Amino acid sequence: MKPSHKLKQKREVTSFVRRAGRITSGQKNAWQYYWELYGIQNTKEIIETTNIFNNSNRKLIIEIGFGNGEILIDSALRNPDDNFIGIEVYESGIGQCLIQLSEKKLSNVRLINEDAKHILNHSFKDQAIDQINIFFPDPWPKKKHHKRRLINQEFILLIGKKLKKNGCINIATDWDDYAEQIIDVFNKSNLFKKTNNLRLNLETKFEKRGLKLGHKIQKFTFQLL
Ligand SMILES: C[S@@+](CC[C@H](N)C(=O)[O-])C[C@H]1O[C@@H](n2cnc3c(N)ncnc32)[C@H](O)[C@@H]1O
């Protein structure tokens, strides 16, 4: 057989599948009216908080995969002195979050509609972030899909670079074997220590779903050494 001269492009493994999903007319309108206000569109250049928030000396908290934004909105309301950036690829979730942001007139939240791994790699300076939150990352339960899980060794190295010294990451999952994987990769990295975990008064959609299925909810906080 003749060798193929066509170079096959290696497809990147992502931690998500872009869902077309149903988007309501309210969410569509929110995109139309509020994305310009709350969305960070220019991610090609390094994100400078001075250009996007009124007060950039505040703590910067990133939430990855915020879904409909329940925790993001609640945290921003409770902590008006902190700045929040939510990163999500699910368009109807972003629409829902935009509705809430405009209703609550929040000025300390901005959103990004891109792959968080890419954004962390290319759009944030090193040691720029005080806290990262990841609540109920997609579990990818089948063994053949474990490679798609967001939290793995490579990801720990990435956040180790982007967090400030003593910065922390909060994670929640309802999948036992993902929890084991999370503990394992953090232990192996030697970059973080496990500390008391964040107390949240809210249950997200996926936390409720996990509880309904009888899953145990596990929450972790790791602090960068
Ligand atoms: C299981 S849902 C959890 C949503 C929300 N945190 C909650 O608890 O209800 C996981 C979310 O992460 C998002 N996601 C997965 N990988 C992502 C990535 N690399 N960048 C941004 N969002 C991502 C998905 O689109 C999805 O909305």
Side-chain angles (χ1 to χ4, degrees), residues 11-24 27 31 35 38-41 43 47 61-76 84-101 109-124 129 131-142 145-159 162 169-179 181-182 185 197-213 215-221:
R11 229 196 299 150
E12 207 188 326
V13 178
T14 59
S15 58
F16 57 90
V17 179
R18 278 199 194 268
R19 290 173 277 170
R22 210 179 75 82
I23 180 156
T24 65
Q27 291 163 354
W31 267 97
W35 178 247
Y38 290 108
I40 300 177
Q41 278 123 66
T43 52
I47 294 169
I61 300 170
I62 305 286
E63 185 173 334
I64 297 176
F66 59 77
N68 290 335
E70 299 106 317
I71 300 252
L72 183 63
I73 304 272
D74 186 66
S75 311
F84 292 81
I85 296 180
I87 312 176
E88 178 52 82
V89 288
Y90 175 42
E91 295 189 355
S92 81
I94 296 176
Q96 198 55 40
C97 187
L98 286 169
I99 294 174
Q100 288 295 313
L101 286 173
V109 184
R110 294 290 182 275
L111 307 180
I112 297 177
N113 174 24
E114 280 179 63
D115 181 345
K117 259 199 292 187
H118 182 85
I119 289 295
L120 285 178
N121 254 314
H122 302 287
S123 309
F124 285 98
I129 303 168
Q131 186 181 313
I132 296 177
N133 295 334
I134 309 178
F135 302 123
F136 303 92
D138 290 307
W140 295 107
K142 290 186 185 155
H145 290 146
H146 282 186
K147 58 178 180 289
R148 302 192 75 144
R149 286 179 169 173
L150 179 67
I151 303 165
N152 56 23
Q153 259 169 324
E154 186 197 338
F155 183 73
I156 303 297
L157 290 179
L158 174 61
I159 58 163
K162 300 298 162 177
I169 171 160
N170 296 299
I171 305 171
T173 182
D174 60 322
W175 286 83
D176 287 347
D177 71 334
Y178 202 176
Q181 173 173 329
I182 291 165
V185 287
N197 52 290
L198 178 81
R199 294 204 187 286
L200 289 171
N201 308 324
L202 261 189
E203 278 175 6
T204 71
K205 182 173 146 193
F206 282 86
E207 178 159 2
K208 285 187 196 122
R209 192 154 96 174
L211 287 168
K212 227 177 179 176
L213 291 168
H215 293 178
K216 182 169 131 208
I217 308 294
Q218 303 196 54
K219 295 181 179 173
F220 308 104
T221 298

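Given the structure is predicted, the values throughout are model-derived calculations rather than measurements. Quick note: numbers below take in every heavy atom, side chains included, and nothing from hydrogens, waters or symmetry partners. We count ligands from 1, going down the list as the structure has it; atoms in each ligand are counted the same way.
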* Asked: When you check the side-chain N and O atoms of Thr14 and Arg148, is any donor under 3.5 Å from an acceptor?
  -> yes
* Using a cut-off of 6.0 Å, state whether more than 12 heavy atoms not belonging to Gln41 lie near its atom CD. => yes
* Asked: Considering residues at least two apart in sequence or located in another chain, which fulfil the ring-ring contact (aromatic ring centres under 6.0 Å, His included) criterion with His146?
  -> none
* Polar side-chain atom of Tyr178 near backbone of Ile151 as donor-acceptor pair, under 3.5 Å -> yes
* **Residues that His215 engages under side chain to side chain donor-acceptor pair (under 3.5 Å), provided they are two or more places apart** => Asp174
* To do: List in chain and number order the residues that pass side chain to side chain donor-acceptor pair (under 3.5 Å) with Lys162, two or more places apart in sequence or in another chain; answer none if no residue qualifies.
  => Asp126
* **Amino acids contacting ligand 1, non-hydrogen cut-off under 4.0 Å** => Ser15, Phe16, Arg19, Gly65, Phe66, Gly67, Ile87, Glu88, Val89, Tyr90, Glu114, Asp115, Ala116, Phe135, Phe136, Asp138, Thr204, Lys205, Phe206
